[in-house]
Every structure is written in C-alpha cells, then in structure tokens.
Amino acid sequence: MVLAIKLSFLLFLTLFSSFANYGFSLYEDQVGLMDWRQQYLGKAKHALFHSSKSGRKRVVVSTEENVIASLDLRHGEIFWRHVLGPNDPIDGIEFVLGKYVVSLSSEGNFLRAWNLPDGQMAWESFLQGTSPSKSFLLVPKSLKANQETVILVFSRSCLHAVSSLDGEVIWKIDLTENSVEIQKIIQLPDSEFIYAVGFSSPTQLDQFKINVKSGELLKHQTATFSGGFSGELVSVSDDVLVTVDTSRSNLVIINFKNGEIGILLSPIAPVIDEFSGSMEIVPSKLSGLLAVKVNSLLTLVRVKGEGELEVVDKIPGQATVSDALLVSEHQQAAALAHHEGSHLHLTVKLIDNWSTNFIDENIVIDKQRGSVQKVFLNSYIRTDRSHGFRALLVMEDHSLLLVQQGEIVWSREDGLASIVNVVTSELPVEKKGVSITKVENNLIEWLQGHLLKLKGTLMIASPEDVVAIQNMRLKSSDKSKMSRDHNGFRKLLIVLTKSGKLFALHSGDGRVVWSRLLQPFHKSKDCAPRWLNIYQWQDPHHRAMDENPSVLIVGRCEQSMDGPGLLSFVDTYTGKEISSSSQTHSIVKVIPLPFTDSTEQRLHILIDAESRAHLYPQTSEAIGILQSEFSNIYWYSVEVDSGIIKGHALMRKCVDVVDDYCFESKDVWLIMLPSESEKIIASASRKLNEVVHTQAKVVADQDVMYKYISKNLLFLATVAPKSSGEIGTTTPEDSWLVVYLIDIVNGRILHRMTHHGSTGPVHAVFSENWVVYHYFNLKAHRYEMSVVEIYDQSRADNIDVWKLIIGKHNLTTPISSYSRPEILAKSQSYFFTHSVKEISVTSTSKGITSKQLLIGTINDQILALDKRYLDPRRSINPSQAEREEGVIPLTDSLPIIPQTYVTHSLQVEGLRGIVTIPAKLESTTLAFAYGVDLFFTRITPSRTYDSLTEDFSYALLLITIVALVIAIFATWVLSERKELQDKWK
C-alpha cells in the first residue's frame, strides 16, 4: 500500500508540473485574450488622395493630434502612421515627385519627406528663422509631376526654398526687417518668378517679386488701404486675392496685373439680402468662387472683373464646401455638403457652371456624429469612362467617413484619439433563466476542444492545432458578454472626448457599445459648449436590477472660467441623456463628496468663479446630509502663477443669492511660496475610492509601524523659476526641486525636502501613506525617482505585533487633523533610465495585493515596477530578518525588466493617461491607457493566487484524477497478490 501511495504521488507531481509551466507562461495563442489595443488618428486637418496603377489606392491625412498617416482607401485601415509628438503640430502636407509626402510642422521649423509606400523618412530639414510667424507650405505645380524643383516654405519670418530630392535649403530670404507676414505665394504659369504677398501692418500690403531658381529679390511693392485688412487672404484666381476690411462688411479685392497692385472695395450688402452684422471668409481654394459665412448662411460668391460680385448659391444650416478638384484640362469641380433633416445632402458641382451637378446624393448618417466639418473630394474614372467621385468627410465628433455612390464605404471613430477623462460603470446583472456558462453544441465538439487543449499542454500541437486552439478560445470566451461576471473583469469604460462625445467601451474587446454627442443639444447662438470632465453620479448596488447607473458631465459655455456652467446626466447602460441643465453660475471646480442619498446618488459640490459652493443633487435630503457633515468639508486650490495654495471650507448659505443650495466659502489657511525661488509645477493627491487593507505594517523582528493614512494630504512640487523651462536651460547650481506634503484641512506642512541640482518635469503618484515622484537630476545627468513614506509615531507604543493580534492597541482612537501629528518620514532616491509621461498605481478591491507602479515611458510603453523596489528601508546589506520580510538589497538604480512591460512589444502612441480599476477578484487590477491609441489589460501584481487561469485544462485534471484512481487500484491489486504469495511461501 505504501508503494501505491508513492507511485501515485510521483504521477501527480509530474502532471502538476505540467500544469505549473502552462499556467505561468504566455504562449502565442494566448495573445489578445486578456488585453487589446486600438489605433486611431485624431481629427483630420489635411487629406491628400493618391492613386497609382501599380500600387494601392490610399489617402494621406494629418490630424490635430499631430499624426500623419496613410490609409487604405478601400477599407480605411492604416498602412503606416507617425505620431510627431505634442509639441510638433502639423501645418501642412503635400505630395512631391509622385513618391514622397512632405509635411511641415512645429510652426514651420521642420520639413520632412516621407516615402509613400512604407512611410519611411527620406529626409528632414530644420528651417531656422528669427521671429515667430504664420507658416505655410507650397509645392509649385511643376513639382507635382516627376520634375525636380524647389519646395517653398514660409516660416519664422523667412521664405525658404528647399530641394525636393535631399531637403537641402537652396536659398533663404529674411523678411524680419520688413515686418511682413506672408499670406500667399502666387506662381504664374510658365514663369520662373513668384510673387510673395503679405501684410506688414493692418493697412499696408506688401508684394515681393522673387526669382524662384536663384532666390534673388527683384522687386518690392507696397500698397495701402485706409479701410484696413482683416482676416486671411483667399485666392480666387492666379492674380486675384480677396480679404475683408476691418468692418467685416466689405470685400477687399486685390488684383495683380502687369506687376502692379490694384485694390477695389466691394460692399457685400447689395448682393446679399438682409445682410446685417459681419461676414467671415471660409478658407477654401475655389477658382473664381469665394465662400463666405453671412447671417449663419454659407454663401458662394463669384468674383468677376472690376470687383463685380455675383451670388451663386446660398446654403442654410450646417454646410461646408471642399477645395476645387481638377476634373479635366479645363474643368474644375467642388463638393458641397449640408444637412437636410436626418440626411446628409452631398453634391458635386462644376465651378464654371454651378447649376451643373456631377452627383447629387442623400446619405443616411448617424445623428450622433454631428455635422460635417470638412470635405475632401477625389475623382476616379468609371468603367464607362465617366467621372465618379468619392468624398472624405470629417464630422463634428472627429470621426472620419468615406462616402461613395451614396453609401458610407468605411468609417473610423478617430474622436477616441482625444479622450479627456475616463470613468467605469458596472454592466447589467444577468437576468434569471439565462445560463451563465456557454453550453457546448454537442459532446463531440466538447471532446475535440479539450483534446486540442491537452495537445497544447503537452507541447505536441501542430501549427494548425495552435490556430484552432486560439480561434476556439476567442469564440468560447465570455469576455465580450453584456453582463457582469463574478470576477468583475467585464465593465463599461465611459470616456469623454475633446469633441464633447461620450463613448461606452466594453472592457472585454474594446468595442463601442453606445456613443452620444452632447454638443448639438446644448449649442446655441449664446453658448458654444466646452465639456470639461466626467464624474460618477449614481451607482446603484442595492437596486441594481431596477435602476441603471449614470454619470455627470460638466462643461461651460465659454472658454473663460466665468462662463455659465452646463450639466448633463447620462445613463451608462443606454447612453440616453436623463436630464440636462444650463446653470446661471460658472463652474471652476467639481468636488465629489463621499456621501450618497437614499437613491445612491453621489453628492457633489460645484465651485464657481466667486468661490461659492453649489450643492447637487438639489434635494432636501442632500441638504440634510450636507448639514450633518458641514464642518467636515474642506477643499484646496492651487494658484500656479502666483504660487499660492489656499484651504477652503463652507461658511453659510449665500446671502445675496436666492438659492437654498448655494453656500459661501471661507479661506481657512494660505501658503504663499516665494516667487523668486519657487514655482509650482506639479501636485498629486490620493484617490477618493482607494481601499487600504490595514494601517499596521509588520516589519523585521515583529515590530509594527503604523501608516499615516489620510485622504487630506496634498503632494506639491516646486522648482527654481530659472529651471522651470526645458531640461538643460540652467546649470545645476541654479536649479533645485522642493517637495511638500501638506494637510489640506489646516495647511500644516508635514514634510519638506529639497533636491539640489534637480529640476522638472515632475510626475507623481500618491497612494496609502507614500508618494513616488519622477524628476531630472542635472548634476548626475540622469532621471531619478524618489519615494517618501509617512508613519504615525503617536502609535509608537504599539510596536509589538502581539498587541495588535490580541487587540491591545489604540487603532480605534479618533484622529483629528487639528491635532499636531507625530510623524516619521522615510525617503530614498534611485536613478531611473527612462523619461516618464505618466505614473499610476494598481488598485484592488480589498487593498491586500502588493502594489505595482504603472509607468508610461517616453517610448509610449507601460512598465510595471514592483513597489518593493521603491522601499525607503532598502539597505546595501539587509539583515536576515529584513530579507525574510522581502526587503531588496539597495542598488543605485531601479531595474528595467523587459518581461514587466504590460504592453509587451506594443506602443500606446501619444500616451496621456493610465487608469486602474479594481476587479472583484482581489489579485487582479484592470488597467486602461489612453492617448492617440487605446490599450486595456489585466494585471496581477502578486499573480493569480485566488483563482485558476482561464486556460486551465480541466480535461487534463480529469485524466489525472482517473489515472490516480487506476494507479491506486492497480498497485493495491498488485500489493494484495504479493502479500498472498508471501503468505503461501
């Protein structure tokens, strides 16, 4: 019998080792099961269509998120893409030589040529200048074929001619002395001269005649106009430019004939009925036509000789027109798009004969996309040799659509590249009568599936089997179901974008569950909404089957801080707007309170520009809750420019306003930093919903240290004013970084530390009793990360862990922020290899699992760094007790382990934020990163100690149990026979 037990144990150990290797590894077929990434572009500013007989049809776009990309014209997929960075906005793009796309960016500082097929950079030129100015790019017509010539760029008050082959600057003209800002460059057909036209003052127009080959300035002419120039110059022909005067009621027509400047004034009122107010020229390139906005109408005006004007068309409502497109040798067409009810009316007209329509189509577009912002037109030849057209539409929600033959060919939700903020919402509870687990179709399919899993476990699966396993897992996965799971992995990510659109993304696969554009429902003549942030409003737990959760979206009507506020309440399950309101007061700050009413609506305080507090929801119950906690509500404000930090509290109801939900505030404390030595650059505070498992921390030798846990702590970082710019602008002697820990209730500075020879930028994260911040050490020429941990010394009497176990401690003693705390601060600094964009920390439902820092590096990847590496108690030679506790020996730098990148080999381009969400499973944190791209994954800082993995092979477990039973039975039979034989002997 003993032999049977030994053999069974050996068999079980062998099979369990195969389980262990399989469970802690990530195989190729497991990629995409727990994470996903989505790539976006942002709102398109420029678009160029490119078609070749041998290559693929593509459209090259540049966006407001500083992205230049090549898209497949058939499906909208990305061929290649480059994200230039937050400080490198794209000013223009053009095709050159038929094989390059040239981009001008960073206010005209950088000119780059990209290879069309693969997006590789062919060359780059840095264009130097003297003073900032408007920048633009012009590729002469002769260059758009295969002829090598120059690329003309005006930037930083200089006109440059750049070679299209290697990016070398051929010649440069500095116009700083003339104080001219060039608006247009006119190139006459079959001429080697160009005319640069611009304004040197509000009443003076300048023209420069330049030899395009040598860069010689041949002639400089000026002309004055007493009515003044306002706005940009728009070209309507090769020798006619148009702008408006300072009254914005007259068109100023500028002629360039025979090298002379002629200025004509043409009033707009005689040709447009009921003209009032002012007009605005719409930037466009229409030969002979001019698009103007008059009385909220898009009006197309034909400019004839001697300043004669003719109204060609008037389009009411939201409308936009494309640039002119050359259809044939002597014909040009343009697209006109405007909304008619629930349809988009798209027409393509001949510019010389506006009554002629090439196409006239009505397209059904989701109203949640808003109105059309831009139209880019492209033509193609049909099989019957007639002209066909396709249009690329940029919508109000920043989405991108390709329309052809009255249908939407493809669409891209590129508004998701500009996320402002994120909150999460639980999914609906699964209804009764619906099976939680997916039922297998038949027994054969079930056996085949588990047989494939077994082959994969035993490393004998063929490549075809691996593909089949991956497809089976994706098909049978429950991660995309629209209901809650018992582990809390499935959630809704409610994101607010810059365009004012809400998206609900499913955390399982990233698909859009619903979307809602808030802008059209709040836009009016007096209000241009700007949505600021999103907050949790109602999260029902006790009545989850009866009520849906909702979110609060806060905005204001104007860019200024004192603009009227806007509130919108949206159901997170359906995306419907429950209610909305326009407030008479402004909204400067929103403070979510840790209180809910009987309907589980969270109380919020909205602070206006006059420092008055407004309570929401505006109910009698909410007033009662606030009154009971009136003396416990504090908040702070940081005035970066003046270096002042203030603490505020509620004082009384508003006296001069008839509003029961309005309260006046008072300044409780004030800290004024010396402006000559310190400038505020960063601040951080704890999450309101963070869970701390225990205040006690058991250290070596069974001692206990008590964490100083307070949600009223503020981390503040300041630098020397001279070093507040970019790294390297000052010397280490003139640079210092000062960090503060401030109690926002009484303004007491609990901890202050100075890093001499260091500077920003500073990125910080605050959790429990510790704060970690990242900065640059000028002396060492390296980045550093420092950690500060705070402990409560008032509980130093309870250092024995046995007192903690048997309950003889004072953990239940009330703590007041007004009492002077006895704290102990421990700190340590380490070198860190990378520059950092964002820092976050994992969070779990009970706060038991070890913490990991999620660090967004400069290369747009996310590194998971164990908090143990940032323990201030680390020493070079830790004691045996400290080693048993898990204290890591001290090193001067933090390790970068390639396997700890949670993004693996992927990049989250333009990374701006990392959000962590606790799952119901204590071991797991959900992480969502957003920028130009989106990335979601599950993180287990201490591994999955409380559950089996999703790919656990139950078939192998069953086989193991059966094998053990058979082995036990067989060895028992053999043992009985042997005993019987021994007895007969």
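As the structure is a computational prediction, the values presented were derived from the model and not from experiment.
For the residue pair S214/W171, the side-chain donor-acceptor check at 3.5 Å is not satisfied. Checking S200 against N178 by side-chain atom types alone, no donor-acceptor pair falls below 3.5 Å. Neither side chain, S105 nor S103, offers a donor N or O lying under 3.5 Å from an acceptor on the other. S735 and T730 share a donor-acceptor pair across their side chains, judged by distance under 3.5 Å alone. In this model, no donor atom of one side chain and acceptor atom of the other lie less than 3.5 Å apart for T222 and D206. N250 and D245 share a donor-acceptor pair across their side chains, judged by distance under 3.5 Å alone. Between the side chains of W80 and D118, no donor-acceptor pair is found at a separation under 3.5 Å. For S179 and E177, the side-chain atoms include no donor-acceptor pair closer than 3.5 Å. Side-chain contact annotation: S237 with D239, donor-acceptor N/O pair under 3.5 Å present. Using a 3.5 Å distance cut-off with no hydrogens or angles, the side chains of H398 and S499 do not pair a donor with an acceptor. Side chain to side chain, Q207 and Q221 meet the donor-acceptor criterion of an N or O pair below 3.5 Å. The closest side-chain donor-acceptor pair between R782 and N777, if any, does not fall under 3.5 angstrom.
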Yes or no on salt bridge (charged side-chain N to carboxylate O under 4.0 Å, His left out) for E181 and K134, after CA distance, side-chain angles and deciding distance?
CA-CA 7 Å; E181 187 167 290; K134 177 186 175 182; over 6 Å; no
Please determine whether side chain to side chain donor-acceptor pair (under 3.5 Å) holds for the pair R58 and S70, giving the CA-CA distance in whole Å, both sets of side-chain angles, and the decisive distance to 0.1 Å.
CA-CA 6 Å; R58 67 183 70 226; S70 175; 2.8 Å; yes
As a quick check of understanding, evaluate ring pair (Phe, Tyr, Trp, His ring centres under 6.0 Å) for F95 and H50, giving each step before the final call.
CA-CA 9 Å; F95 287 139; H50 183 269; 5.3 Å; yes
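In terms of modelled atom types and a separation under 3.5 Å, the side chain of S322 and the main chain of A335 share a donor-acceptor contact. Judged by distance alone, the side chain of R412 and the main-chain N or O of G42 form no donor-acceptor pair under 3.5 Å. Under a 3.5 Å cut-off, the side chain of E310 and the backbone N or O of K304 do not form any donor-acceptor pair. Using a distance-only test at 3.5 Å, with no hydrogens or angles considered, no donor-acceptor pair links the side chain of N255 to the main chain of V240. Using modelled atom types, one side-chain atom of T63 and one backbone atom of E65 make a donor-acceptor pair closer than 3.5 Å. Here the side chain of R912 pairs a donor or acceptor atom with the backbone of I419 at under 3.5 angstrom.
For the pair I351/L289, a side-chain contact is recorded, criterion being any heavy-atom separation below 4.5 Å from C-beta on. A heavy-atom distance below 4.5 Å is found between the side chains of V61 and L41. By the 4.5 Å heavy-atom criterion applied to side chains, L159 and F154 are counted as neighbours. At a threshold of 4.5 Å between non-hydrogen side-chain atoms, the residues Y783 and V836 do not count as touching. Side-chain contact check for F110 versus D88: some heavy-atom pair is nearer than 4.5 Å.
Using a cutoff of 4.0 Å between basic side-chain nitrogens and carboxylate oxygens, K374 and D323 are not scored as salt-bridged. Electrostatic pairing of R56 and D72 does not count as a salt bridge here, judged by no charged N lying under 4.0 Å from a carboxylate O.
Taking D734 as the reference, T731 meet the side chain to side chain donor-acceptor pair (under 3.5 Å) condition, with sequence neighbours excluded.
In this structure, K209 forms no cation-pi arrangement with Y195, as its terminal cationic atom is not both closer than 6.0 Å to the ring centre and no more than 45° off the ring axis.
Within 6.0 Å of the CD atom in Q204, the count of heavy atoms belonging to other residues, nucleotides or ligands exceeds 12. Heavy atoms from other residues, nucleotides or ligands lying under 6.0 Å from CD of E726 number 12 at most.
A ring-ring contact (aromatic ring centres under 6.0 Å, His included) with F389 is found for one member of F49, Y380, F376, F358 and no other, namely F358.
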